[in-house]
Protein chains: 2
Amino acid sequence: MAKNEKADNKALEQLTKTAKDVYDKSLKGQKPQLTMPVRSLSNVKYEKKGGYLALKNQLKVRTLTYNTVKSFAQTLKVMAISKELIQTDDHASKRETYYISKNWGAARFDEQPESDAVMDDIEAMMSVNREQLRFLPEEKGGEVAGQLVVIDKDRDTGKPLRIDYTGFGSGAYSIPISVEHLQFQTKAKFILCIETAGMFQRLVAHNYWRKANCVLISMGGVPTRATRRFVRRMADTLKIPVYTFVDGDPYGIANIYRTLKVGSGNAAHINEFFCVPTATFMGITPQDIIDYKLPTHPLKDVDIKRAKDAIKNDPFFKFHKTWTQAIEQMIKMGVRAEQQALAKHGLNYVIEEYLPQKLKKTDKFLP
Amino acid sequence: MAKNEKADNKALEQLTKTAKDVYDKSLKGQKPQLTMPVRSLSNVKYEKKGGYLALKNQLKVRTLTYNTVKSFAQTLKVMAISKELIQTDDHASKRETYYISKNWGAARFDEQPESDAVMDDIEAMMSVNREQLRFLPEEKGGEVAGQLVVIDKDRDTGKPLRIDYTGFGSGAYSIPISVEHLQFQTKAKFILCIETAGMFQRLVAHNYWRKANCVLISMGGVPTRATRRFVRRMADTLKIPVYTFVDGDPYGIANIYRTLKVGSGNAAHINEFFCVPTATFMGITPQDIIDYKLPTHPLKDVDIKRAKDAIKNDPFFKFHKTWTQAIEQMIKMGVRAEQQALAKHGLNYVIEEYLPQKLKKTDKFLP
């Protein structure tokens with residue numbers, strides 16, 4: 001993993017400051033404390049200005065006592081790992097971090113959820129993201145194809161590496177688990193984030209990105225942190241719009257699109273970094289199901305529950321009237337349609353008709 | 001998807017021959033028939049010479065009658081789609097094929113499992129693989145990094161595209177859903193197939209492939225058809241060994257490794273193309289758990305069942321005594337260990353100690 005010095009320095013500074021505070025308090029005979037935001041849905045709000053789900057300001061304080069000594073020690077040990085990882089330009093997966101603790105005697109983690117929670121606490125405490133602390137998830141990123149050049153760096157030689165996706169043919173670039181160090185160059189006019197690998201492959205196989213002059217992202221369901229961060233950094237750097245193309249169902253809307261656009265409710269302390277507030281929703285909309293006479297499936301109970309939850313409880317959908325209306329329309333219609341349902345009109349109808357028609361009216365996209 | 005003319009011609013020939021036979025019989029007033037292998041475990045054997053699970057020779061005959069008219073028509077319609085896809089150099093996902101049928105009136109498929117089964121039948125009937133018929137799965141392939149150049153072709157210009165993975169930095173190449181048209185160039189000494197994305201990322205981040213002069217493949221669990229075919233075509237073309245590095249548990253051995261090496265039991269009609277008979281098993285072995293003092297987890301009931309099934313019922317493990325012994329050793333030890341458990345000895349112990357030590361004794365790898 002190549003270095004991003006600014007991010008590294010910020011993380012090191014936070015780690016050292018927190019540790020020094022604990023050390024100083026201990027020397028003075030005072031009880032050391034660690035203060036961090038409460039990470040629960042009750043402490044989450046929709047941050048209109050930034051456009052993401054953010055933490056409110058409830059804090060929890062962990063004081064070193066007889067009862068907290070193990071988790072206190074574990075938190076400091078994990079902070080020490082993070083410091084070493086940054087200084088040696090290395091990373092550890094969440095699973096590896098769990099295994100490292102096996103040499104800590106009484107302070108070792110018994111199950112991985114314990115070490116994961118400590119990493120989440122440190123991430124929230126430091127206000128830097130876990131990737132900057134060099135703790136990386138196992139989950140794969142998405143795939144990228146199209147009109148894009150990424151600049152990476154060779155770890156051994158330090159030389160910049162220029163990776164031009166336009167020469168990838170039928171293949172694609174697989175997003176690494178950390179993307180902080182990447183730089184982007186493009187002449188593309190927009191970024192298209194696609195739900196299914198099948199649709200992505202169709203657009204890649206037909207070089208759709210060349211005709212439409214765009215970057216194609218395969219999210220493969222709910223986008224991972226790495227995928228969201230990759231799209232976000234592209235959107236910030238390149239200043240081009242991000243359009244989302246998912247199934248016309250409550251899962252595509254309330255899970256996939258919502259997570260890409262505003263982040264997830266249970267990770268609000270890092271949504272600031274891991275969402276794409278400029279993203280808009282191209283389709284499949286409930287209205288598309290009518291306009292394009294798409295084959296549908298009836299909404300299942302779980303779909304209806306998800307849709308009703310979204311308009312009742314989700315601060316993002318509640319904020320946008322057009323979304324409330326669209327979701328109500330879907331519930332009333334009682335059906336859902338997949339993006340591949342466009343194949344009813346011919347396999348390449350999506351390339352020749354649907355996408356060009358939709359892209360003429362980007363101002364009509366749902367927010 | 002670029003063309004592979006030899007494969008295309010074979011598929012077209014088979015499709016036309018089968019259709020012509022049906023047509024001729026109909027004209028003569030005879031009942032047309034379609035003959036295909038029985039696709040069930042009872043019709044599967046371990047083909048020692050080729051090194052894969054293969055079909056035995058039970059056949060089923062589908063005769064056109066009042067009762068079979070719908071499935072008979074569907075089979076011919078899907079064959080016609082395949083012919084058109086080959087001739088227009090296009091592909092259809094399994095889901096798209098299902099949706100195309102929505103315009104077939106009474107012959108339309110009601111649920112996708114019906115159209116999937118018809119594709120499997122045609123694949124078995126033609127003795128060509130589904131990819132050659134241009135029906136592609138949705139599932140993503142794995143990732144590749146390291147000492148490898150792949151030659152693809154630009155669909156629009158027909159020009160060859162040379163993709164050099166050594167310049168990919170922290171990223172990787174994502175294997176496309178069809179790989180028949182790719183060519184390979186390398187100076188690498190071996191191919192290392194890795195179970196988890198986390199371990200793959202560690203080896204990529206540290207440019208392990210450069211030190212060890214190899215190609216790295218991330219299988220991400222049980223390898224998909226595209227991943228297996230990619231490794232198989234590399235192994236055939238480049239004539240270098242394939243080593244497998246998975247978790248030391250019954251799932252890593254009896255599911256992931258077994259599927260890579262000899263294919264899967266319920267797809268025996270295509271294992272000939274989709275397995276890597278030259279692959280060997282590097283680790284984690286039950287003996288590694290002892291030799292490297294790895295942290296373990298107890299085997300669960302499902303693990304023990306899987307392990308016992310493998311030595312009792314799986315023709316591949318039954319054939320190899322060393323495998324039967326290794327699996328019996330694991331059952332006796334009652335524990336399993338993950339590849340990331342090596343992190344107990346330090347995050348890069350796997351790169352500095354484990355892999356170099358194992359690679360000195362490739363003749364000791366399990367078959």
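Throughout, a chain's letter reflects where its sequence line sits, starting with A, and its residues are numbered from 1.
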Chemist: Does any heavy atom of chain A fall under 4.5 Å from the side chain of B:I177, the backbone, both, or neither of them?
Modeler: both
Chemist: For chain A, which of B:K344, B:R162, B:H345 has the most heavy-atom pairs under 4.5 Å?
Modeler: B:K344
Chemist: When heavy-atom pairs shorter than 4.5 Å are enumerated against chain A, which of B:E338, B:K159, B:K94 gives the highest number?
Modeler: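 Ranked by heavy-atom pairs under 4.5 Å with chain A, first place is B:E338.
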Chemist: Do A:Q201 and B:S93 pair up side chain to side chain, a donor and an acceptor below 3.5 Å, judged on atom types alone?
Modeler: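 No, no side-chain donor-acceptor pair sits under 3.5 Å.
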Chemist: Do we see a donor-acceptor contact under 3.5 Å between the side chains of B:T196 and B:Q339?
Modeler: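 Checked: B:T196/B:Q339 side chains pair up, N/O donor to acceptor below 3.5 Å.
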Chemist: If I take atom CD1 from residue B:I175 and atom CZ from residue B:R228, how far apart are they, to the nearest 0.5 angstrom?
Modeler: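 Rounded to the nearest 0.5 Å, the CD1-CZ separation comes out at 12.0 Å.
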Chemist: Would you find more than 12 non-hydrogen atoms of other residues, nucleotides or ligands less than 6.0 Å from A:E352 atom CD?
Modeler: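 Yes, the 6.0 Å shell around CD holds more than 12 heavy atoms from other groups.
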Chemist: Would you find a donor on one side and an acceptor on the other, under 3.5 Å apart, between the side chain of A:D303 and the backbone of A:K300?
Modeler: yes
Chemist: Is B:E96 in contact with chain A via its backbone, its side chain, both, or neither, using a 4.5 Å heavy-atom distance?
Modeler: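 Contact with chain A is through both the backbone and side chain of B:E96.
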Chemist: Is there a side-chain contact between A:V149 and A:T186, using heavy atoms and a 4.5 Å cut-off?
Modeler: no
Chemist: Hey, which of B:R202, B:K102, B:M199, B:H297 has the most heavy atom pairs under 4.5 Å with chain A?
Modeler: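 Winner by heavy-atom pair count: B:R202.
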Chemist: Distance-only, no hydrogens or angles: does the B:R233 side chain make a donor-acceptor pair with backbone N or O of B:V179 under 3.5 Å?
Modeler: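 Such a contact is found between B:R233 side chain and B:V179 backbone.
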Chemist: Of the listed residues (B:A341, B:A197, B:A145, B:G346), which shares the most heavy-atom pairs with chain A below a 4.5 Å separation?
Modeler: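 Going by pairs under 4.5 Å, I would pick B:A341.
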Chemist: Between B:Y98 and chain A, with a heavy-atom cut-off of 4.5 Å, which part of the residue counts as in contact: side chain, backbone, both or neither?
Modeler: side chain
Chemist: Taking B:R134 for its side chain and B:D90 for its backbone only, find out whether a donor-acceptor pair lies under 3.5 Å.
Modeler: yes
Chemist: At a heavy-atom separation under 4.5 Å, does B:L294 approach chain A through its side chain, its backbone, both, or neither?
Modeler: neither
Chemist: Given that the side chain runs from C-beta out, which part of B:D164 has a heavy atom under 4.5 Å from chain A: side chain, backbone, both or neither?
Modeler: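 Neither part.
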Chemist: Determine the option with the most heavy-atom pairs under 4.5 angstrom with chain A, choosing from B:N103, B:V204, B:L342.
Modeler: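 Of the candidates given, the most pairs with chain A belong to B:N103.
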Chemist: Report the distance from atom CG of B:L136 to atom CD of B:E131, rounding to the nearest 0.5 Å.
Modeler: 6.0 Å
Chemist: Would you mind telling me which of B:S218, B:S101, B:G198, B:G220 has the largest number of heavy-atom pairs within less than 4.5 Å of chain A?
Modeler: B:G198
Chemist: Between A:A343, A:P295, A:S174, A:A92, which residue shows the highest count of heavy-atom pairs closer than 4.5 Å to chain B?
Modeler: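 Ranked by heavy-atom pairs under 4.5 Å with chain B, first place is A:S174.
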Chemist: Please classify the contact of A:L85 with chain B as side chain, backbone, both or neither, using a heavy-atom distance under 4.5 Å.
Modeler: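 Side chain only.
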Chemist: Heavy-atom cut-off 4.5 Å, strictly under: side chain, backbone, both or neither for B:R210 against chain A?
Modeler: side chain
